[in-house]
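Counting convention: from 1, in listed order, for ligands and their atoms alike. All values reported here derive from a predicted model rather than from experimental measurement. Below, each value reflects all heavy atoms present in this structure, side chains not excepted, and no hydrogens, waters or symmetry copies.
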Amino acid sequence: MDDRLRFRRFESAEGQSTFAQDVRRGLSSHPKHLSPKYFYDALGSQLFEAICHLPEYYLTKTERRILTDRRDAILDVVDGHADGEHRLIELGSGSSTKTRLLIEAFLERQDTLHYLPVDISDSVLERSALELLQDYPDLRITALAADYTTALGALARDDDLRTGEEPTLVTFLGSSIGNFEPPASRTLLTHVREVLKTGDSVLLGADLKKSEQLLTPAYNDELGVTAAFNLNLLVRINRELGGEFRLADFEHRAIYNHEWGRIEMRLISRRTHDVPIRELDMTVRFERGEYIHTENSYKFDPEQIRDLAVATGFGLKRSWFDEQQHFSVNLLCAGD
Ligand code: AVJ
């Protein structure tokens, strides 16, 4: 199996801040904030996996339904004018469960497939790569353990990763795009465009704007898994930076911000207290009710998705929706 797997671990690209720097800056700001990319350590990635199984978290189920129903229609459009075997790059592959649907569809149309999953959690990446190789003998994997920016830089420039003649599909599923501020999402897709040739495609999963009665429970589940996922950020600061956060002093909450069309997740301090963080040589003061803003999860309408595509060198070829129009899967085509 070894000759079918290459595993590359990247340090963050130069100029990118470290966890320590981001925690120092975020907890010294008003309001306090932390980046959602730090949710995904080994435990956090497993907790996210658990979130995907929650009854309230409609996103994963709905996207899987669309991919199951439409995988052939999607690949018909991707295939279009391209000749040669496609390669498949996935940003934020996680357990690659939904991607199996596309891998299987590709392997019905071509003899072999080169799959390049990108994920920030190398434990999850390694496990899912080994499972996929076992299940699909005609699959070859180049796994990239890196954040998106670093991985896209390597995919655009490294001789052994750069696109050759073969057509490429990049998948960016699960509405992970929603974690980025609008300008940052344009920067990210511009970097994706730089990895591709004219005619190549991006499959973008994007959660849609909808009633708050459905949105908010997806981020405030009754079992408390999302709360654990959010609080794990503090566990991580304790472990990696010598923090002294007590989880019982913080409460998870997610609210829908109508003005910005996004879910915001917070960790709210239950009392006024000080938290030392040894390795940063700092002590953070929390007022009672003060919060750390830990995530934005933007929700889209179809026009915004089209605008995003057009602004970043793509055309929006087609969108697929579930019956209730809760979620969208969008195929972007790289322009000249
Ligand atoms: C992986 C970013 C799409 O925003 O819905 C799930 C992460 N946060 N529950 C999302 C998340 C809280 C998720 N994304």
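Ligand 1 lies nowhere less than 4.0 angstrom from a heavy atom belonging to G178. A heavy-atom separation below 4.0 Å is not found between F39 and ligand 1.
Side chain to side chain, S269 and E287 fail the donor-acceptor criterion of an N or O pair below 3.5 Å.
Within the listing of ligand 1, atoms 2 (C), 4 (O), 7 (C), 8 (N), 11 (C), 12 (C) sit less than 4.0 angstrom from a heavy atom of E295. Residue F48 approaches ligand 1 through these ligand atoms, each under 4.0 Å from one of its heavy atoms: 1 (C), 6 (C), 7 (C), 13 (C). Applying the 4.0 Å criterion to heavy atoms of S175 picks out, from ligand 1, the atoms 3 (C). Here is the list of ligand 1 atoms found below 4.0 Å of a heavy atom in Y40: 1 (C), 7 (C).
Residues D158 and R162 are not paired through a salt bridge, judged by the lack of any N-O separation under 4.0 Å between the basic side chain and the carboxylate. At a threshold of 4.0 Å, the pair R262-E181 counts as salt-bridged, since one of the basic side-chain nitrogens sits closer than that to a carboxylate oxygen.
Considering backbone and side-chain atoms together, Y219 places an N or O closer than 3.5 Å to an N or O of ligand 1. When only interatomic distances are considered, the shortest N/O to N/O separation between S297 and ligand 1 falls below 3.5 Å.
Stacking of R271 on the aromatic ring of F286 is not recorded, the 6.0 Å distance cut-off and the 45° axial limit not both being met.
Across every non-hydrogen atom of K98 and L67, the tightest pair is CB-CD1, 4.0 Å.
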Only pairs under 3.5 Å count here: list side-chain donor-acceptor contacts from residues 325-336, not counting sequence neighbours, and write none if there are none.
unit_1 : atom_1 : unit_2 : atom_2 : d
S328   : OG     : A206   : O      : 2.8
S328   : OG     : N330   : ND2    : 3.0
N330   : OD1    : S319   : OG     : 2.7
N330   : ND2    : L204   : O      : 3.0

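Of the protein's non-hydrogen atoms, the one nearest atom 2 (C) of ligand 1 is N179 OD1, 3.2 Å. Of the protein's non-hydrogen atoms, G174 O, 3.0 Å is the one closest to atom 3 (C) of ligand 1. Taking atom 13 (C) of ligand 1 as the reference point, the nearest protein heavy-atom neighbour is Y57 OH, 3.3 Å.
Ring geometry, H258 versus Y256: the interplanar angle exceeds 60°, so the pair is classed perpendicular (tilted spans 30 to 60°).
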Before giving the answer on side chain to side chain donor-acceptor pair (under 3.5 Å), spell out for Y38 and D22 the whole-Å C-alpha distance, their side-chain angles and the decisive distance to 0.1 Å. CA-CA 10 Å; Y38 296 117; D22 283 344; 2.6 Å; yes

